[in-house]
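Here's the structure we're looking at; comments come further down.
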Amino acid sequence: MKKIMIALGLLLPLAGNAREATVASPGGHIVVTINDNNGYVNYAVALDGQTALLPSRLGLTADFGDMTKELHITKTDAQQIDRQYTMRQVKQSNFHFVATQLNVDVENQKGQKMTIQFVVSDQDVAFRYLIPRQKKDNPKTALIKSEASSFCFPDGTTTFLTPQSDPMIGWERTKPSYEEEYTADAPLTARSKYGHGYTFPCLFHLAQGWMLISETGVSSHYCGSRLSDYDATAGYTIAYPMEGENNGIGSANPGIALPGLTPWRTITMGQTLKPIVETTIQYDLVEPLYEPSQQYGSGRYTWSWLIWQDNSINWDDQVQFIDLAAAMGFEYCLVDNWWDKNIGRERMAELSRYAQSKNVSLMLWYNSNGFENDAPQTPRDCMDNSIARDREMAWLQSIGVKGIKVDFFGGDKQETMGLYEDVLYDANRYGLQVIFHGCTLPRGWERMYPNYVSSEAVLASENVYFTDYHAGQEPFQLTMHPFCRNASATMDWGGIIMNRYLSRDNHSRHQRQTTDVFEMATGITNQAALQCVAMQPNNLGELNDVTLDFLRQLPTTWDETRFIDGYPGRYVVLARRHGNDWYVAGLNALKEPLTLTPDLSFMDTPTVSIITDDANGRAVRKSVKLNKRGQAKLTMLPAGGLIVTR
Ligand code: CA
């Protein structure tokens with residue numbers, strides 16, 4: 001009887017005039033309690049009977065009124081959600097989302113109204129605000145000044161966060177671009193590097209489990225948000241963009257038409273990291289915003305720029321990378337910046353014809369701006385307005401180009417979210433898939449925009465090229481992202497790097513600090529439906545058959561993803577299924593070898609094929625019989641990896 005009452009979200013009286021509603025997930029693992037004590041609406045979250053979030057504030061201030069205080073709950077309304085859908089380009093293909101929704105109607109002393117919508121599944125809590133038109137049907141629009149939504153953690157919680165940068169800093173004033181370092185296991189009280197809080201997703205380690213906080217459903221109808229620095233009383237609060245983003249142009253505040261909705265704030269949690277790695281809440285709560293103009297492709301791409309850099313954007317070098325893609329059976333080749341100057345548009349049409357004759361499709365790089373920053377790379381001013389964009393994309397379609405990579409956005413204002421959306425929508429009309437770089441975190445976009453592929457929004461592989469320090473950080477970074485950045489959204493890391501040295505001659509400059517199998521395994525741990533294999537033409541003669549054969553057959557789309565073992569920033573083992581084939585991949589960021597005995601019984605085979613590093617850091621394949629419990633003993637070298645297949 002108790003469970004039914006909870007699920008229905010009955011409104012019960014507390015002391016004084018306060019009232020409280022409680023909503024439980026379908027299996028009862030998560031319980032959210034919402035009350036209006038002292039005129040403030042707070043929510044608290046319990047996971048398997050233990051406190052996960054302390055009472056945390058809800059509400060927002062808008063130009064028409066203050067919906068953060070002197071509030072009372074007037075009504076609650078519960079319903080069950082049970083929806084199924086499919087996707088092709090993310091960590092899973094068939095989705096079944098079961099949750100309880102509770103709508104909590106609140107009113108302030110002026111009689112202004114708002115509904116807080118909660119959705120609670122057995123591993124997620126999400127909420128958003130529905131703002132109706134107020135009395136006399138006006139106003140019909142709202143400027144949202146601030147959001148009070150907060151997240152208050154029990155003492156002892158540690159954080160895995162990456163800071164928001166100052167606006168208009170970095171390379172040619174292109175930040176913020178979500179390219180900052182993560183700090184692992186920091187105390188709640190640590191201050192963010194720039195004093196602007198943290199970008200999503202944000203990972204927390206609680207006494208009894210793990211929690212990932214992010215947002216989804218951000219389109220041209222809202223800005224991107226982040227978490228503030230931690231305040232001992234208020235916790236983390238939702239923060240909007242900084243005034244200085246986008247060269248100070250555009251509003252830091254979102255505006256919406258009424259009735260209108262804010263994006264979903266999402267909280268994923270569990271006693272282990274399994275729900276974090278496997279979460280699909282970013283897709284469960286959004287819908288496609290338009291139909292795909294065609295069935296878009298997936299696959300691997302070669303990319304000269306990572307190691308050969310700007311000098312490689314010429315006809316002869318690009319032919320080499322097209323030939324490399326063809327030799328490997330890869331589907332795409334990405335031509336990076338300056339192609340309009342160094343190859344030219346007429347010869348680009350010819351290059352695209354050459355690529356197609358080899359069964360390879362080209363993708364081309366673009367600068368996003370506009371007025372936003374000083375990045376000099378061309379082509380620029382082709383993507384920031386619909387007239388130039390339409391002309392450009394029609395030409396791209398006419399020469400058989402299949403995708404674009406648009407770089408250097410630098411802001412989370414609503415206006416910039418509109419630019420991302422416009423680029424995507426126009427690209428779909430011309431059969432172009434889109435990768436964003438120098439950009440924000442995608443928030444549900446894989447489902448919302450069917451030709452959207454992936455975003456950088458990470459301190460990516462280019463930094464491994466730039467400095468020895470970042471080469472040393474690669475194992476830490478790539479064992480962090482499956483639990484954080486890449487758990488929330490597709491990530492274009494920009495390359496499985498097979499050169500031993502980060503140079504064209506492959507013996508000058510600094511060394512890569514990971515083993516070959518580490519790099520190969522990142523092709524599975526890093527999820528992107530267009531996966532960059534940043535191997536170089538010289539690698540064809542240098543790598544052994546185990547490595548080349550693996551890269552030739554590497555899938556990039558997945559039907560299922562399973563967490564097996566790991567700890568953010570230390571190591572990860574996860575499994576992804578493509579059709580009937582399981583690919584188990586491990587990465588070790590520790591300074592010593594790591595031996596694990598994972599349960600591989602789900603692979604449904606008595607023996608498995610394991611690729612590991614030999615003493616020289618080369619890939620070797622061997623067959624291993626699973627024990628009676630379906631386990632195999634596996635060892636990963638420091639900065640090494642492993643791959644298990646049938
Ligand atoms: Ca970048």
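Along the sequence shown, the residues carry numbers beginning at 1.
- In summary, Glu215 and Arg443 engage in a salt bridge, as defined by a charged side-chain N under 4.0 Å from a carboxylate O.
- In this structure, the separation between CH2 on Trp493 and SG on Cys532 is 11.5 Å, given to the nearest 0.5 Å.
- A salt bridge is defined here as a Lys NZ or Arg NE, NH1 or NH2 lying under 4.0 Å from an Asp or Glu carboxylate O, and Arg512 with Glu474 fails to meet this definition.
- Aromatic ring orientation, Tyr420 versus Trp445: tilted (interplanar angle from 30° to 60°).
- Using the six-membered ring where Trp is involved, His510 and Tyr465 have ring planes that are tilted, between 30° and 60° apart.
- Scanning both residues, Tyr296 and Arg88, for their nearest heavy atoms gives O-NH2, 2.6 Å.
- Using a 4.0 Å cut-off between a side-chain N of Lys or Arg and a carboxylate O of Asp or Glu, Arg345 and Glu392 qualify as a salt bridge.
- Ring geometry, His196 versus Tyr194: the interplanar angle falls under 30°, so the pair is classed parallel (tilted spans 30 to 60°).
- Counting heavy atoms of neighbouring residues, nucleotides and ligands inside a 6.0 Å radius, atom OH of Tyr354 exceeds 12 of them.
- Ring centroids of Phe160 and Phe483 are separated by 6.0 Å or more, keeping the two rings apart.
- Between Arg300 and Glu331, at least one side-chain nitrogen of the basic residue sits less than 4.0 Å from a carboxylate oxygen of the acidic one, meeting the salt-bridge criterion.
- Asn311 and Asn314 get closest at one heavy-atom pair: O-ND2, 2.8 Å.
- Between Lys175 and Asp166, none of the side-chain N atoms (NZ, or NE/NH1/NH2) sits under 4.0 Å from a carboxylate O, so this pair counts as no salt bridge.
- Under a 4.0 Å N-O distance rule, the pair Arg389/Asp384 does not qualify as a salt bridge.
- One distance of note links OG1 of Thr174 with CG of Asp407; it measures 8.0 Å at 0.5 Å rounding.
- Note on Lys341 versus Asp310: no salt bridge recorded, every NZ/NE/NH1/NH2 to OD/OE distance being 4.0 Å or above.
- A ring-centre distance under 6.0 Å is found for Trp339 and Tyr366.
- Donor-acceptor pairing under 3.5 Å is lacking for the side chains of Thr199 and Gln164.
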